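In what follows, chains are A, B, ... by sequence order, proteins preceding strands, each numbered from 1. Not measured: the values here are computed from a predicted model.
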There are 2 protein chains.
Amino acid sequence: MNAFVQMKPLTTCERCSVHQRALCGAADPQLQAEFERLSHIRTFRAGETVVGETEEAGFVGNVVSGVLRAQKTMADGRQQIVGLLMPSDMFGRVFARTSQVGIEAATDATLCCIDRHAYEALLARHPELEHRMLLAVLDELDAARDWMLLLGCQSVPERIASFLLILCRRMRNRGCRHGSADGRFILGVPISRRDMAAYLGTTVETISRIVHEMARRRILRIIHPQTFEVLDHARLVDMAGREELDLSETLAGPPADRLYRLPGASRAAQPETGWRKLAG
Amino acid sequence: MNAFVQMKPLTTCERCSVHQRALCGAADPQLQAEFERLSHIRTFRAGETVVGETEEAGFVGNVVSGVLRAQKTMADGRQQIVGLLMPSDMFGRVFARTSQVGIEAATDATLCCIDRHAYEALLARHPELEHRMLLAVLDELDAARDWMLLLGCQSVPERIASFLLILCRRMRNRGCRHGSADGRFILGVPISRRDMAAYLGTTVETISRIVHEMARRRILRIIHPQTFEVLDHARLVDMAGREELDLSETLAGPPADRLYRLPGASRAAQPETGWRKLAG
DNA sequence: GCCGCACCTTGATTCAGGTCAAGGCGCGGC
DNA sequence: GCCGCGCCTTGACCTGAATCAAGGTGCGGC
């Protein structure tokens, strides 16, 4: 495409940092104009509630910057974070009064919001948009099931390693090839220990202990409570006990067409405990 | 509608027991004819694999009878069941080579199968079908997140009580007002202890202990390892620690517009242990 | 009937990780 | 600077549930 074609000034949406990744970015010009007209930017401070768990949200939207947590709370206050929403991720529940998932800002955040009913109408008028939405929701469902495996089967050290690897992958997928320019891999964790605990189904104390043990073993270095340097990626993968989280091929070059190994022989094998198997 | 209108003989699909509940049942006549032409019935014996976890499934479909388990397996053999599929539920993953979820028959099962690509083509040609699919997948996502709360926050006794309440609800939703005619509530658990353990993120031994303890406390009666009589529904709800699983209103009559209580004061409250709080 | 197998139960023991308690650290406000 | 608060860390201790180890039970096959 010729550069001169773009002489026309960019619209607000076209200048949006997540426009390329979000659903709205794939829309045709007419639909984009509708998005432009219907959506508006809202900002939230860390800790503010975007959508209460039990309230009917009037709007849905996309994260433009910052991180949201999607969480569920039990009557006695126990909480589980069921998803971390990063820039370009959708939030909110269409076609239902409520999904019983609350949305809060985990960091200061900028959101692109759109009235829920207006968005539903848009989906009804634009099957291709609804199709892309279906693909996105199917991916979310896959991710949720993956997290069920983590919560149901993995030890806490394995969960922490898996979480860090997923953060690594997300960073890489968003184009940050390394966290730092000099080839070291700096990993920023965008949430507090408390949120990590609520996401991983554990406690802040246990996370602190395990992260420090990982530092003692030179798997990572703690630069700051929320900033690590990954020193030994291979052992991090080992620790996660889940080869599909291995990123080595994306570090080394383009991914080979992956070969998935068969499940282990025993149907009810026990975990080789995180620490025990990594003699150290 | 007049009975005479139905003089025309029913098609195979129209005679299908899940036709009313499944996606295909909502289709217009022309689309239904396509379903009729493209789908075929397959049967599986308990334990057989419908779709391997790592293989590309050529087909998707609906459960007609029996129960399937959707599961994920780690390299060392640990397994997590991420969903139980009952009659009228969909299985399989459209628009992806694989979703890393295996499907196995938990009981003998009859499935209505359709070629995946044919189904995708159908979705592309029929936006109203795709819309209904989106609604179904959104519901599945809600359910998956609910299960994440169970796995991440609840004690094993709470999980078991929640599971039994969910089974009660499903039975009721499918129109079985009581499990038995004489007003007693008989609950058939359609899966083995092993599958319950893999679904609830625990072990068969722990399930056995807790179920028997529940029997000792007269919360339920064990008629058979997979058949219980629910004796004390209220204490079962208490034990689950999750009021939204309460079915009393559906037992008593039409649901009142539910009032959801606010989350507890403390953000990191601890569970009152299943047994302790039910002094017994 | 009897065997063999899969599934379930029960008891003893262990241990991962939660709980409780006590600081440390960093940072914003005054 | 100094205070106070929120967040993180660390240690001691406890316990819920996993693990290990026997049996029991029911059922299909022969």
Problem set entry | Atom-pair distance (CE on B/M239; P on D/dG16), nearest Å | 14 Å
Exercise. Distance under 6.0 Å and angle within 45° of the ring axis: does B/R42 meet both against B/F59?
Worked result: yes
Problem set entry | N/O donor-acceptor pair, side chain B/R216 with base C/dT10, under 3.5 angstrom | no
Exercise. Between D/dC7 atom C1' and A/R193 atom CZ, what is the distance in whole Å?
Worked result: 10 Å
For this session: For residues A/S88 and A/N62, report the shortest heavy-atom separation together with the two atoms involved.
Result: O-OD1, 3.3 Å
For this session: Just report the end-to-end axis angle for the helix from C/dG1-D/dC30 to C/dC30-D/dG1, five pairs per end, to 10 degrees.
Result: 40°
Exercise. Can you tell me how far C1' of C/dT9 sits from CD1 of B/I222, to the nearest Å?
Worked result: 10 Å
For this session: Find the distance A/R194:CZ to D/dT9:P and express it as a whole number of Å.
Result: 14 Å
Exercise. Using a distance-only test with no angle check, is there a side-chain donor-acceptor pair under 3.5 angstrom linking A/Q154 and B/R78?
Worked result: no
For this session: Please determine, by modelled atom types, if B/Q71 and B/E104 share a side-chain donor-acceptor pair under 3.5 angstrom.
Result: yes
Exercise. Hey, is B/R218 close enough to B/D232 for a salt bridge, meaning N to O under 4.0 Å?
Worked result: no
Problem set entry | Residue whose nearest DNA chain C nucleotide is more 5′ - A/V156 or A/H224 | A/V156
Problem set entry | Proximity to the side chain of B/R209 - top-ranked nucleotide from C/dG18, C/dC8, C/dG11 | C/dG11
Problem set entry | From D/dA12, D/dC8, D/dA18, nucleotide with atom closest to A/P225 side chain | D/dC8
Problem set entry | Nucleotide D/dA18, atom P - distance to CZ of B/R78 in whole Å | 13 Å
Exercise. Got a sec? Which of residues 199-208 of chain B come in under 4.0 Å of DNA chain C, heavy atoms?
Worked result: B/E205, B/S208
Problem set entry | Length of the CE-C1' vector between A/M196 and D/dT9, whole Å | 14 Å
Exercise. Without hydrogens or angle criteria, can the side chains of A/T54 and A/Q100 be said to hold a donor-acceptor pair below 3.5 Å?
Worked result: no
Exercise. Is there a side chain to side chain contact (heavy atoms under 4.5 Å, CB included) between B/M214 and B/M239 once you walk through the steps?
Worked result: CA-CA 10 Å; B/M214 288 164 82; B/M239 201 180 145; 3.6 Å; yes
For this session: Give the rounded distance in Å between these two atoms: CZ of A/F228 and P of D/dT9.
Result: 8 Å
Problem set entry | Distance in angstrom units between B/Q226 CD and C/dT9 C1', rounded | 15 Å
Problem set entry | Separation of B/L187 CG from B/H233 NE2 (nearest 0.5 Å) | 9.5 Å
Exercise. Looking at A/R209 and A/E213, does any basic side-chain N land under 4.0 Å from a carboxylate oxygen?
Worked result: no
